[in-house]
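Input: a single structure, listed below in C-alpha cells.
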Amino acid sequence: MTPRQATGLAVAALLAACDPKTPDSPPGIAPSPSSSAVADERPASLREKVGLIEQLPNCEVRHHGFLLDLGVGAAQARRGFRIEPGEGEVDAEREGSTVTRVSIPRVSYEVPVDADQKETELSLRVRGGAARSVTAILGERRLGTLRLSADETRTLAFPVLKTALAAGRTTVTLIFSGRSRGSREALAEIDWIRVGPPDENLASYAAPTLRDLTTDAVLDGVPRRAIALRAPASIRCRVFATPNSEFRTDLGFWGDGRGALDVRVLSDGEAPALLAERRVTGGTGATWTPLTIDLKDHASRMVMIELRAVETSKGGRVLFGDPVITRTRESTHVPAASTVVLFVSAGTDRRSVPPWGPTGALSTVGGLIREGVSFSHYRVPTTVPASVVATLITGEAPAVHSLEDPAARLPAAARTLAELLKEASGRAAMFTAAPTTSAAFGFDAGWDRFVQISPVQDIEATQPIPAAARWLDDELRAENTGRRRLVIHARGAHPPWDSSRGEAAQLPPEEYGGAIEPRRGGIALARLRTQRRGQKRKLDDADWVRLRALEHAALVKQDVALGQLVAVLKKKGIWDSTLFVFVGDVASGEPPETPHDPAGELDEDRLLVPLLVKFPMGKFAAKEVHTPVSTEDVAVTILRALELQSSAPGADLYAAADGVEPLVGRGLVAALGDRYTTRFGPWLLRGRQSKTPTLCRLDVDPACVNDVFSEKPIAGWAAWQSTYDFFASASTRRLAP
C-alpha cells in the first residue's frame, strides 16, 4: 500500500457517514439546505461511522510482540518523526505484500514496548538486494550482523537480547552494508519487523500483515468485511470517542473448531478495561453474533480500542465483521445565506475583544456576541498572517497552498472561494488594509472588486470598511438576487495605528517617552527583532502598556466603522440572512517576545485568536462553543452557507455550535517551516522535522513545562499520527509556490 493510499483510507473513514433516510453527500460536504430533508422541517436521523478496517494502516498489531508492517501508514509515521518523505525509502509491492525498498545504508523505526521484557528478539522478513549484510541496533544495544542473499526472501532473527528492556518507546535501527561500488540497485526490501519475546518457531512464523488481517467472510449466507485474527494476536486502534458513540461489530469464527475473543480499552497509566468477551464456534452452521458496546464511560479521552484473539483452534481465526465506531444524531446544516461577510482583524489578541475581554467601547463586536456564537477554541494554522487569510479564502491549509513565508505570493493555481462563487453567478469583493494581502502577493485574483490601501498612504486604516459598505450598498441597489461574499482584511491591532500625536499623548502610561509611536511603531518593533542579544529584543513594561493602548484605540475606531457596515445590512433587510464572521489572523503575542512578528513562534498565545460567527436567522445566538475548530472550518462553513460544492477539508462550524464533535477526534495542526504544533483534545504536541516531539496536557500544565511524551504513549502517538497524516495528505495536493 502506498502512502497516498493509506492516508486516503484514513481520511475517507473519518468523513464516512451512512444516512438511511437521506441521500449520501460527497465527502466533507453537507446536503444543500434546499434539499427535501430540510424542506420537510423534521431533523433527519444521521448515522455516522468510522470503520476500523479503513483505519487499520494506522492501527497497531500485536502477535508474539509488536509487529511493524512495512509499506503502510503506521510504518511511514514511525520513520524518525519526519513530516516530509525521506529519501532512500520507497514503499512498493512484492508478490502481493507491501514492502519498503531501502537504498540508504541506515534506516530507523520507532516501536513501542508494552511491558518490561527480560529477553527480547528482533526478527524481520527481508529480501536481499545490493547489500551483503544487515546489522541491527535496538535502542543503543547492538544485536549483531546477519548475511543477506541477493534476490532471496528470508525471515531472519538476530541474537536474543539478554538484558532487560524497559517498557516505553525504543528505536530499531538497521544498517545495510556491502554494496558494490557503482551499484544502483536497492540495498534490500523489508516486509515486516517484529520486536518481542523469543519465538522458537521462527521458521513457521506467519506475520499478520495488513493484507492477512482482512478478509471477505460469509457465515450462514451473510457476507461481512472482517478482521481475522489467530491467537495470540490483537489490533489496537486509537480513538477520541464522543459521549454518544458506540463500538459495533459482528463476531464469528472462520474454519472448523472454536475460539475465544475479547474487546478492551487501553488508557495511559491505567489497567486495561475489559468491555466484552465471547466464545465463537465455526464449521457448519456458524453464524454472526452482533456485539454493541457503549463507549460513554471512555468518551472525551484518548484511548485504544483493542480487538483480541485469545484462543483459536488450529487453522481457524476469530472474526470481527464490519467493526465500526458509530453514533446516531440529528442531521444539521448551516442555513443558506444570501450574503457572507468575512471580517479579518489583523494582529488582534482575543483578550482585547469581547467575550474574552471587556466590551467597553467595542459596541459592534459586543452586539455580535449577543447575536452570534463565540468559538473559544478556534486556532489558526500558522503564524504568518497572509497565510491564514489565504486559508480563509481557499479552504486549504498552508501546507497545501504553499504560502508559508511572509514574502511569498499566493500561487496562481490556488482556487479561491470567490472563483467558486462567480461560477455560481455570485459576486465577490475584497478590501484590504494589510500590505501582505495586496495584489503584489497574489490576493487580487478572482474578485469582482479588489481594493487595497497601503499603510504608507495618508489614509485612515478604517477606510476599507466604509468602502466595502459602499460596494455592498451598490450591489443591493442593483437588485442583484445572486449570492454575495465580502472579505475585509482590516488592520485591526497591527501597526501603524490611527492615532494623532495628541490622541497618543492621552493614552497610558503618562509621560511616556519610549519608541512605540502610532506611525513608526511597526518600524521600531522590526528593529528590535533584528537585535542579536535576546535582552535587546524585549520591550519594557511601559512599552507594553503604550502598545496595548494604541491597539485598543485602533480597534475602537474600526469597531465604529464596522457598525456602519452592519447598519447597511440591517437597513437593506438582509441581516437575518447574512452569515457574518469576525475573526483574527494572528495574535500579537505576549511578553517577553517582540509582538507582531510576521512569522513568530508557534505559541498558543499567537495561534488562539477571536472567532465570532453570526449565523443566518440568528441560530445559536449568544452561545459559547468549546469544541476545537480551525481556519479550514471557517472556509467550509462559508462554502456550505453559499451552497457551493468543494473538496476542501474541514468541518462545519454550525454543527460544532449544535454540539457535534468529531466522531473519533481530530488534531489541529499549525506549522511553519519544519516546525509544527498539534492540538488534540487537551493535548499539545510540539516538534520539528526528524526530532522527537514533546507533549503536554494544557488543562493541567498550561505553561507546557513538563514533557510527558514518553509517559503518555497513547495520547502522544495519536497526536503524532494525526500530525503525520496531515502532512502526508497535504503533500498529495500541494500547489507549486
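Sequence positions, counted from 1, serve as the residue numbers for this chain.
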(request) Could you note down all residue pairs passing side-chain hydrogen bond (donor to acceptor under 3.5 Å, both in side chains) where residues 226-242 supplies at least one of them, sequence neighbours left out? (result) E60-R238, D114-R236, S234-E306, R236-E306, T242-N244, T242-R327

For [X] and [Y], indicate whether the former's side chain and the latter's backbone hold a donor-acceptor pair under 3.5 Å.
| X | Y | result |
| --- | --- | --- |
| D701 | N706 | yes |
| T249 | G321 | yes |
| D633 | A651 | yes |
| R224 | P323 | no |
| D707 | F709 | yes |
| T723 | A719 | yes |
| R225 | I53 | no |
| T98 | L70 | yes |
| D294 | K296 | yes |
| D268 | A715 | yes |

(message) Check this for me: does any side-chain nitrogen of one of R415 and E396 sit under 4.0 Å from a carboxylate oxygen of the other?
(response)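 Judged by the 4.0 Å cut-off on N to carboxylate O distance, R415 and E396 do not form a salt bridge.
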
(request) Considering only NZ, NE, NH1 and NH2 on the basic side and carboxylate oxygens on the acidic side, decide whether R169 and E110 come within less than 4.0 Å. (result) yes

(request) Check whether the side chains of S722 and R666 place a donor and an acceptor atom closer than 3.5 Å, and report yes or no. (result)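 No, no side-chain donor-acceptor pair sits under 3.5 Å.
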
(request) Please determine, by modelled atom types, if T209 and D212 share a side-chain donor-acceptor pair under 3.5 angstrom. (result) yes

At their closest point, which heavy atom of [X] faces which heavy atom of [Y], and how far apart are they?
| X | Y | value |
| --- | --- | --- |
| F726 | A397 | CZ-CB, 3.7 Å |
| D652 | R640 | CB-NH1, 3.2 Å |
| G395 | L417 | N-CD1, 4.0 Å |
| C696 | V708 | CA-CG2, 4.2 Å |
| P702 | V700 | CD-C, 3.6 Å |
| E632 | P649 | CB-O, 3.9 Å |

Just how far is it from atom [atom1] of [X] to atom [atom2] of [Y], taken to the nearest 0.5 Å?
| X | Y | atom1 | atom2 | answer |
| --- | --- | --- | --- | --- |
| L368 | L612 | CG | CG | 6.0 Å |
| L672 | T383 | CG | OG1 | 4.5 Å |
| S630 | L607 | OG | CG | 12.0 Å |
| L685 | F680 | CG | CZ | 11.0 Å |
| E270 | L266 | CD | CG | 10.5 Å |

(message) Which residues pass the salt bridge (Lys or Arg N to Asp or Glu O under 4.0 Å) test with D69, not counting sequence neighbours?
(response) none

(request) Please determine which of V239, T292, L275, L307 meets the side-chain contact (heavy atoms from CB on, under 4.5 Å) test together with F247. (result)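 It is L307, the one option of V239, T292, L275, L307 that forms the side-chain contact (heavy atoms from CB on, under 4.5 Å) with F247.
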
(message) Applying the side-chain contact (heavy atoms from CB on, under 4.5 Å) criterion to V634, which one of I638, V636, T637 satisfies it?
(response)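 Looking at I638, V636, T637, the match for V634 under the side-chain contact (heavy atoms from CB on, under 4.5 Å) is I638.
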
Residue pair [X] / [Y], side-chain heavy-atom distance below 4.5 Å:
| X | Y | result |
| --- | --- | --- |
| R317 | P208 | no |
| T678 | L684 | no |
| V388 | P381 | yes |
| P662 | F240 | no |
| E404 | T382 | no |
| R62 | F66 | yes |
| S387 | H401 | yes |
| P355 | E624 | no |

(request) Give the intermediate values and the outcome of side chain to side chain donor-acceptor pair (under 3.5 Å) for residues T677 and R686. (result) CA-CA 4 Å; T677 65; R686 298 181 294 182; over 6 Å; no

(message) Given F81, which partner from the list Y724, F727, W717 fulfils the ring pair (Phe, Tyr, Trp, His ring centres under 6.0 Å) test?
(response)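 Checked Y724, F727, W717 against F81; only one passes ring pair (Phe, Tyr, Trp, His ring centres under 6.0 Å): W717.
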
(message) With a sphere of 6.0 Å drawn around CD of E277, does it hold more than 12 non-hydrogen atoms of other residues, nucleotides or ligands?
(response) no

(message) Is it the case that atom NZ in K623 sees more than 12 heavy atoms from other parts of the structure closer than 6.0 Å?
(response) yes

(request) Name all pairs fulfilling the ring-ring contact (aromatic ring centres under 6.0 Å, His included) condition that reach into residues 602-622, sequence neighbours left out, sorted by first residue then second. (result)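 Non-adjacent pairs meeting ring-ring contact (aromatic ring centres under 6.0 Å, His included): F615-Y654, F620-Y654.
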
(request) Dump the intermediate steps for side chain to side chain donor-acceptor pair (under 3.5 Å) on T631 and T391, then the final yes or no. (result) CA-CA 7 Å; T631 305; T391 297; over 6 Å; no

(message) For H626 and H377, take the angle between the two ring planes, folded into 0 to 90°, and tell me which bin it lands in: parallel under 30, tilted 30 to 60, perpendicular over 60.
(response)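 Ring orientation, 0 to 90° scale: perpendicular.
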
(request) Report yes or no: is the cationic atom of R78 (NZ for Lys, CZ for Arg) under 6.0 Å from the centre of the six-membered ring of W720, at an angle within 45° of the ring normal? (result)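 No; the conditions do not both hold, so R78 does not lie above the ring face of W720.
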
